[in-house]
Amino acid sequence: MSADQDPGAVLPVRTSRYRRTGRHRSAHQLSLPSDSPALVIAVPGSARPESEDVAEHIADMAAASCPGAEVRIGFLRGNRDHLDDVLADLVIQDDILAGVVVPLMPFPIPEVDQAISESVAAAEAQLLIADPLGPHPLLAEALHARLADVGLARAARVGRISIVTETAADGVIVGAVGGEEAVQAAEVVAVLLASRLTTPVAAASLNDPGGIKDAAARLRQAVPRVALAPCMVGPELTSGTLEAIAALTGCDCAPALGGHPAVGKLVAIRYGAALADPQIAAMVARGKTASAHAAASNGGTPPPTSQAQVPPASQAGTPPATQADTPPADHLQAAPADHLQAAPADHLEAAPADHAEAAAPADPGEAQPASEEDAESQSA
């Protein structure tokens, strides 16, 4: 209703807005078949108690977003729950994608990427490596929440009024674990965070305390108080590293992302984005069709499990043992269920061999005459 519609109204009246009916899911909510590939979370570091707690919490949140997919956790160091052992336990079937490995890190870390690639290359199952979690707006949301938890940033807006604390920082450094590539991705998150906080935000590498110190010095030229927001889940750095960096740079430090709900959502988004790749969907469809044909030829008995005979998933349109391409951050919406399903097999498979051979007989001497007249002429 508006003021024009009601002459007695002094100001326009806001009408209620309703959500449109139909299929409207969150980006992290996936609808998957029961035989979907496993979601394997690759955790940097070893299986320490604090790392296990965070990883298990994230796995539970990812499982809630991916009903129907088995979620497993593998660590890259140590002898317990190592990623190699987790991948070796996956069910192996011919031409079937067994799992998608999602690195539990916001940005690329070369040594972690290499370790995951080596584990995937050594596995017998068909596997795919997803992209890191960021950059993504959900990371900016999680950083905002962690800063607010310790009073370094205003809390979420309540009733359209910004709640500001006296201890809030005037500038923020987004700390990334990794090298130049990680810092470039962190700069995207820094822009997103700056739009939420309306304060200056810079990005720097947590592996370079000198770079953190330089970023803090640049920010202090414009603002008096600078805080450090580590954009890391937690297992990427050893315990006590953040405290040492904060003491060296003179910055107040927010806690790591840990088990923030945004991390679990991003794990599900990366898993869904990997499966939504058309080339991967085609490979999954070919595998299912081959298994169906093998079962039919065996009288309905499923074929025995064996080592996959097709090129690894990383070779199905992506470089060997590398990260799968995913849409940009602003397009990282998980495909709906009907798009995550593999295309029908009859559209992906080539024509059966018996149809292909019908057009050209193997032996010209065995070709049959086209009619009875031809037969009589040949007999004469």
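- Here the CG atom belonging to L219 is positioned 10.0 Å from the CG atom belonging to D170, to the nearest 0.5 angstrom.
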Practice prompt. Apply side chain to side chain contact (heavy atoms under 4.5 Å, CB included) to L206 and L242, showing your working.
Written response: CA-CA 8 Å; L206 292 171; L242 285 179; 4.1 Å; yes
Fill in: Criterion side chain to side chain contact (heavy atoms under 4.5 Å, CB included) on L275 and L97, from CA distance to verdict
CA-CA 10 Å; L275 291 183; L97 183 65; 4.0 Å; yes
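- Within 6.0 Å of CD in E180 there are 12 or fewer heavy atoms belonging to other residues, nucleotides or ligands.
- Atom CD1 in I269 sits 9.5 Å away from atom CG in L133 (nearest 0.5 Å).
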Practice prompt. Test R220 against C251 for side chain to side chain contact (heavy atoms under 4.5 Å, CB included), laying out the working first.
Written response: CA-CA 11 Å; R220 288 192 178 103; C251 296; 3.8 Å; yes
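- Here the CD1 atom belonging to I92 is positioned 10.0 Å from the CG atom belonging to L87, to the nearest 0.5 angstrom.
- Side-chain atoms of Y271 never come within 3.5 Å of backbone atoms of A130 as a donor-acceptor pair (strictly under, hydrogens ignored).
- When the side-chain hydrogen bond (donor to acceptor under 3.5 Å, both in side chains) test is applied to T249, no partner is found at least two apart in sequence or on another chain.
- With S117 contributing its side chain and D113 its backbone, the two residues share a donor-acceptor pair below 3.5 Å.
- Rounded to the nearest 0.5 angstrom, E56 CD and I41 CD1 are separated by 10.5 Å.
- Across C253 and L152, no two heavy atoms sit closer than the pair C-CD1, 4.1 Å.
- Residues P108 and Q184 fail the side-chain proximity criterion, which asks for heavy atoms closer than 4.5 Å.
- Looking at heavy atoms from C-beta onward, R225 lies in side-chain contact with D252 at the 4.5 angstrom threshold.
- Atom OG1 of T241 is separated from atom CG of N207 by 9.5 Å, given to the nearest 0.5 angstrom.
- For V71 against A59, the heavy-atom pair with the smallest separation is CG1-CB, 3.8 Å.
- Neither V172 nor V183 shares a network with the other; the hydrophobic side chains, linked directly or stepwise wherever heavy atoms of I, L, V, M, F, W or Y lie under 4.5 Å apart, form separate groups for each.
- Across all their heavy atoms, A216 and I173 have their closest contact at N-CD1, 3.5 Å.
- In this structure, L197 and H144 have side chains that are in contact, with non-hydrogen atoms separated by less than 4.5 Å.
- Residues I73 and V86 are not in side-chain contact: their nearest non-hydrogen atoms beyond the backbone lie 4.5 Å or more apart.
- Atom CG of residue L192 and atom CG of residue L143 lie 10.0 Å apart, to the nearest 0.5 angstrom.
- Closest heavy-atom contact between M105 and E236: CA-OE2, 4.0 Å.
- Taking hydrophobic clusters as Ile, Leu, Val, Met, Phe, Trp and Tyr residues chained together by side-chain heavy-atom distances below 4.5 Å, L228 shares a cluster with V223.
- The minimum heavy-atom distance linking A169 with T199 is given by the pair O-CG2, 4.4 Å.
- Across all non-hydrogen atoms, the minimal contact from A55 to V43 is CB-CG2, 4.0 Å.
- Counting only heavy atoms from C-beta outward, the side chains of L139 and F107 approach each other to under 4.5 Å.
- Listed by first then second residue, pairs satisfying side chain to side chain donor-acceptor pair (under 3.5 Å) with a partner in residues 72-84 read E52-R80, E70-R72, D84-S119, not counting sequence neighbours.
- The hydrophobic clustering, which links ILVMFWY residues whose side-chain heavy atoms are closer than 4.5 Å, places V201 and V150 together.
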